[in-house]
Protein chains: 2
Amino acid sequence: MPMQITRESDYAVRCLLYLKERGDAFSAVGEISETMSIPRTFTSKILQKLTKAGIVRSVRGVGGGFTLNREPGKITLLDVIEAVEGPIKVNVCVIDRKSCDRVETCSVHHIWVKMRKDIRKWLESYNFSNIEEAENTPR
Amino acid sequence: MPMQITRESDYAVRCLLYLKERGDAFSAVGEISETMSIPRTFTSKILQKLTKAGIVRSVRGVGGGFTLNREPGKITLLDVIEAVEGPIKVNVCVIDRKSCDRVETCSVHHIWVKMRKDIRKWLESYNFSNIEEAENTPR
DNA sequence: TAAAATAGGATAAAATTACTCCCATATCAG
DNA sequence: CTGATATGGGAGTAATTTTATCCTATTTTA
Ligand code: SF4
Ligand code: SF4
């Protein structure tokens, strides 16, 4: 049952929530994984992806670890999800037209293209600064 | 890389596009699967789900097959996707709070709840009547 | 130079998706 | 009533993806 983020994305968000809390301090993998209840080695892999994406910064060796690489307000949910899952597709034909030979005559293709665009925009509107604010806003 | 509809959902949409085209006539599985390039036995299973969901009507025996069970305008993309994939989740905790014991203190949980709501509303706004119209609308 | 940390490749386990097979049941023509 | 032609549904298989784990290399500081 897709149309669902992966466990990995959920874990990535947890990592970033933790790092935000820690401010400028560097946090080690073990500390993050234990506090946020994420399997340790998996946490390590996720932080590697976040580092490559420039969301997080890492320092090796004694006293090293991870810290946010930019203000929480500049890290969106879209950044995080695409960093760990790769670009959002919605449907195979959206990213790669050649993946379906019905694409030229298909009357729903454009819907999935629009859906991708709208979902990305939606995810981009939430960042690690306004996530917690939104919680207290009445709906 | 989730955040993506399944092949099964894509196939289901194709089936319905075909049945819409055929109007009141009944179409057999073989006919649908060949025309829409869907594996035959899989097509059969998908049509079963659509029938159970009341989207499509079936008649057995000679001259039988499938036809739409209501106007195209009353069949939304949400109906179709949830008929084949089950309810959209977005994240495990959204449908089942007990699936994560961090839920009480989690500051992103509410975001996924809202996302589910918004995606469902979005999918509900497209039906088999306005899908093709939308195509010709300038963006 | 030793200890403490991340980096990265390879691989394994589990779950899900994508399908197939087979037989039961219904419908209709003759 | 019988045979041909459909769908219904359970069970099973194959392929792919997700969810990890292990091991070794490299970096950094004391
Ligand atoms: S059938 Fe249409 S929507 Fe489905 S994959 Fe092909 S182009 Fe995309
Ligand atoms: S950590 Fe938060 S968002 Fe993730 S599953 Fe638990 S409650 Fe949901």
Side-chain angles (χ1 to χ4, degrees), chain A residues 1-12 14-15 19 25-34 36-67 69 81 83-89 91-92 99-100, chain B residues 1-15 19 25-34 36-67 69 81 83-86 88-89 91-92 99-100:
Chain A
M1 347 169 177
M3 229 42 241
Q4 183 179 334
I5 64 167
T6 58
R7 222 81 280 286
E8 196 179 11
S9 287
D10 186 83
Y11 292 160
R14 293 191 205 180
C15 288
L19 293 180
F26 279 80
S27 313
V29 169
E31 181 188 332
I32 301 169
S33 72
E34 277 171 41
M36 304 312 275
S37 326
I38 314 170
R40 190 199 168 101
T41 60
F42 201 19
T43 308
S44 177
K45 289 301 186 195
I46 291 164
L47 288 164
Q48 270 181 49
K49 286 188 184 179
L50 294 175
T51 304
K52 269 196 178 175
I55 294 168
V56 135
R57 184 160 30 106
S58 73
V59 167
R60 279 144 108 144
V62 183
F66 299 87
T67 193
N69 194 36
I81 291 176
V84 306
E85 299 188 11
I88 286 177
K89 285 172 141 101
N91 198 352
V92 288
S99 66
C100 177
Chain B
M1 347 171 174
M3 229 40 243
Q4 182 179 333
I5 64 167
T6 58
R7 222 79 281 287
E8 195 178 9
S9 287
D10 186 83
Y11 292 160
V13 170
R14 293 191 205 180
C15 288
L19 293 179
F26 278 80
S27 314
V29 170
E31 180 188 334
I32 302 169
S33 73
E34 277 171 42
M36 303 312 275
S37 327
I38 314 170
R40 191 199 168 99
T41 60
F42 201 19
T43 307
S44 177
K45 288 302 184 195
I46 292 166
L47 287 163
Q48 269 180 50
K49 286 188 185 179
L50 294 175
T51 305
K52 269 196 177 175
I55 294 169
V56 136
R57 185 161 28 107
S58 73
V59 168
R60 280 143 108 144
V62 183
F66 299 86
T67 193
N69 194 37
I81 290 176
V84 306
E85 299 187 12
I88 286 176
K89 284 173 142 102
N91 198 353
V92 289
S99 66
C100 177

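Chain letters run A, B, ... following the sequence lines, proteins first and then strands; every chain starts at 1.
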Whole-Å distance, Ile81(A) CD1 to dT18(D) P, equals 14 Å
Here the side chain to side chain donor-acceptor pair (under 3.5 Å) pairs for residues 49-61 of chain A, sequence neighbours left out, are Glu8(A)-Lys49(A), Arg57(A)-Asn69(A)
Residues at least two apart in sequence or cross-chain that pass side chain to side chain contact (heavy atoms under 4.5 Å, CB included) with Ser33(A), listed by chain then number, are Arg40(A), Thr43(A)
side-chain hydrogen bond (donor to acceptor under 3.5 Å, both in side chains) filter on Ser37(B), not counting sequence neighbours, yields Arg102(A)
Residue set satisfying side-chain hydrogen bond (donor to acceptor under 3.5 Å, both in side chains) with Glu31(A), at least two apart, ordered chain then number -> Tyr18(A), Arg22(A)
Sub-3.5 Å pairs of nitrogen or oxygen atoms, protein against nucleotides 19-22 of chain D:
from	atom 1	to	atom 2	distance (Å)
dT19(D)	OP1	Arg7(A)	N	3.4
dT19(D)	OP2	Arg7(A)	N	3.3
dA20(D)	OP2	Tyr11(A)	OH	2.8
dT21(D)	OP2	Thr41(A)	OG1	3.4

Residues passing the side-chain hydrogen bond (donor to acceptor under 3.5 Å, both in side chains) test with Lys45(B), sequence neighbours excluded, are none
**Prompt:** Do side-chain atoms of Thr67(B) reach the backbone of Phe26(B) as a donor and acceptor pair under 3.5 angstrom?
**Reply:** no
Those residues at least two apart in sequence (or on a different chain) that pass side-chain hydrogen bond (donor to acceptor under 3.5 Å, both in side chains) with Gln48(B) are none
In terms of heavy-atom contacts, Cys15(B) and Ile32(B) come closest through SG-CG2, 3.9 Å
Residues of residues 50-63 of chain A with a heavy atom under 4.0 Å from any atom of DNA chain D, listed by number, are Arg60(A), Gly61(A), Val62(A)
From CD of Glu34(A) across to P of dA5(C) the rounded distance in Å is 12 Å
Here the distance between atom P of dA26(C) and atom CD of Gln48(B), to the nearest Å, is 14 Å
Whole-Å distance, Ile32(A) CD1 to dA5(C) C1', equals 12 Å
note: Leu19(B), atom CG; dT7(D), atom P; distance rounded to Å ~ 11 Å
To the nearest angstrom, the NZ-P distance between Lys49(B) and dG10(D) comes to 13 Å
Between CG of Leu47(A) and C1' of dA5(C) the distance, given in whole Å, is 13 Å
ring-ring contact (aromatic ring centres under 6.0 Å, His included) pairs touching residues 46-65 of chain B, sequence neighbours excluded, are none
Overall bend of the helix from dT1(C)-dA30(D) to dG30(C)-dC1(D) (five pairs an end, 10° steps) is 10°
Scanning both residues in full, the closest heavy-atom pair of Ser44(B) with Val29(B) reads N-CG1, 4.1 Å
In whole angstroms, the gap separating P of dT16(C) from CD of Gln4(A) amounts to 9 Å
By side chain to side chain contact (heavy atoms under 4.5 Å, CB included), Ser99(B) pairs with (sequence neighbours left out) Val92(B), Cys93(B), Asp96(B)
